[in-house]
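See structure below.
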Number of protein chains: 2
Amino acid sequence: MALSHAIMTALLEENLSGYDLAKKFDMSLGFFWQASHQQIYQELKKMLERGWLSSDTVEQAGKPNKILYALTGDGKSALDDWVVAQTKARSAKEDLYVKLYNIGHCDPEPLIGEIADRQLQCQRQLALYLKIKERHYAEPETLPINRKGIYLALSAGIRQQQMHIDWCDEALELLGALA
Amino acid sequence: MALSHAIMTALLEENLSGYDLAKKFDMSLGFFWQASHQQIYQELKKMLERGWLSSDTVEQAGKPNKILYALTGDGKSALDDWVVAQTKARSAKEDLYVKLYNIGHCDPEPLIGEIADRQLQCQRQLALYLKIKERHYAEPETLPINRKGIYLALSAGIRQQQMHIDWCDEALELLGALA
DNA sequence: TCACCTTATGCAACATTTTGCACATTTTAT
DNA sequence: ATAAAATGTGCAAAATGTTGCATAAGGTGA
């Protein structure tokens, strides 16, 4: 029970369709919680039944109809309950680290390649985060409380990418990829 | 298809029972990939059917019998294939960051408390990692290749905890918990 | 014109993970 | 003595997530 809460979080500020949500999950919110459109549509149905959302079909000119979803009072309560409740940290589940245990038992080259690729991805992601920070969150102390929350999520993203890039440096050096 | 690979990784060095594996997943390997004993027993059965493992029932004096599992040739091949293959990075799925988006829409205190708790947990975990590093991986450059792999996983764990502790500091300060 | 992209929603099958329960024996602590 | 913890294996149900496919309309570029 967590995708539902991420969806409700996205609906706090504005009403969105499943398609809109899928896009949003590909961008900002999705930095910290990914979901496919199939999963989102399924979850939306369940949440309607549960009474956490209401829906409204909107006819559009020149485009398929879309279904806008809005948070109900029940939904907001459920969301508040979740935010306030302690959540246990979930395990990281990083393939790469498990693979490293195997490095003495098979060809290390592909693994080194994967680390290098991963580093590039992180650098790209980091550049994106930094651009967002610069444009919208340059002075976090002056932000209103809700934007401070979003800023902190962004900051966590930045730190994570930075950390991973540094680790990749260490790994590549230790494994002799730079020699 | 990934728990199976983590299990096979654990079986590279020695044959283990389901119970042994559950313990191992609670410690070293489990730092990067968690699994309950129920999940492990289920997976072991599937892997036997698939021919990736062989099993051997061992009678024990004063204890229940146990079933030792060993990696087969097929299993080792499957493992090698996985290590060499590119794995796409999975999403982090961190509840805490999603919750932060809600901080302007409900009472921030519990969330601040959760961040403080999280910081304590990270500090404890970090201390454990550092102890392991000190004792067994003090000089990474001199290690044989397979221990280098494990060291790098450990190093990633250390960096992760450290990063998270630093982020908690920033979060607590920005949210005025220290004021 | 034909192929492809965007907008928009959904089903079905499968794989994975979590949660709660059940069983059985032996050692350890109160 | 009695309870609890450790050793050991497992089932069943529910929640969650992934993959592949299906449908439909309109716009864009070669």
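Each chain gets a letter, A, B and so on, in the order its sequence line appears, and its residues count up from 1.
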Ignoring hydrogens and angles, tell me if any N or O in the side chain of B:W33 forms a donor-acceptor pair with the backbone of B:I7 under 3.5 Å.
no
Compare side-chain N and O positions of B:Y19 against OP1 and OP2 of D:dT9 and report whether any pair is under 4.0 Å apart.
no
Are side-chain N/O atoms of B:D74 and B:S77 paired as donor and acceptor at under 3.5 Å?
no
So which one's nearest nucleotide on DNA chain C is more toward 5', A:K45 or A:K66?
A:K66
Find the distance A:H5:NE2 to D:dG17:P and express it as a whole number of Å.
12 Å
For a salt bridge (Lys or Arg N to Asp or Glu O under 4.0 Å) check, start with the C-alpha distance between A:K24 and A:E14, then their side-chain angles and the critical distance, and finish with the verdict.
CA-CA 12 Å; A:K24 196 150 186 170; A:E14 46 177 347; 3.6 Å; yes
Donor-acceptor pair, distance only, cut-off 3.5 Å: does the side chain of A:S55 make one with the backbone of A:I67?
no
Check whether any side-chain nitrogen or oxygen of B:K46 sits under 4.0 Å from OP1 or OP2 of C:dA15, and answer yes or no.
no
Rounded to whole Å, how long is the line connecting atom CG of B:D26 with atom P of D:dT7?
12 Å
Length of the CD-P vector between A:E43 and C:dC11, whole Å:
14 Å
Would you tell me if any nitrogen or oxygen in the side chain of B:Y41 comes within less than 4.0 Å of OP1 or OP2 on D:dT9?
yes
Whether A:K93 side chain and B:Q34 backbone form a donor-acceptor pair below 3.5 Å:
yes
Can you pull every protein N or O that's under 3.5 Å from an N or O on nucleotides 19-27 of chain D?
unit_1: D:dG20; atom_1: O6; unit_2: A:Q38; atom_2: NE2; d: 3.3

Quick one: do B:E114 and B:R118 satisfy salt bridge (Lys or Arg N to Asp or Glu O under 4.0 Å)? Show the steps, please.
CA-CA 6 Å; B:E114 194 172 351; B:R118 193 66 70 88; 3.8 Å; yes
Would you kindly give the CD-to-C1' distance between B:Q34 and C:dT17, to the nearest whole Å?
12 Å
In terms of side-chain heavy atoms, does A:Y151 have a donor or acceptor partner in B:E170 at a distance below 3.5 Å?
yes
Nearest whole angstrom, please: distance from the P of D:dT9 to the CG of B:N65.
9 Å
Write down the distance between OH (A:Y69) and P (C:dA8), rounded to a whole number of angstrom.
13 Å
Could you state the CG-P distance from A:L3 to C:dT18, rounded to the nearest angstrom?
16 Å
Please give, in whole Å, the distance from C:dT7 C1' to A:K23 NZ?
8 Å
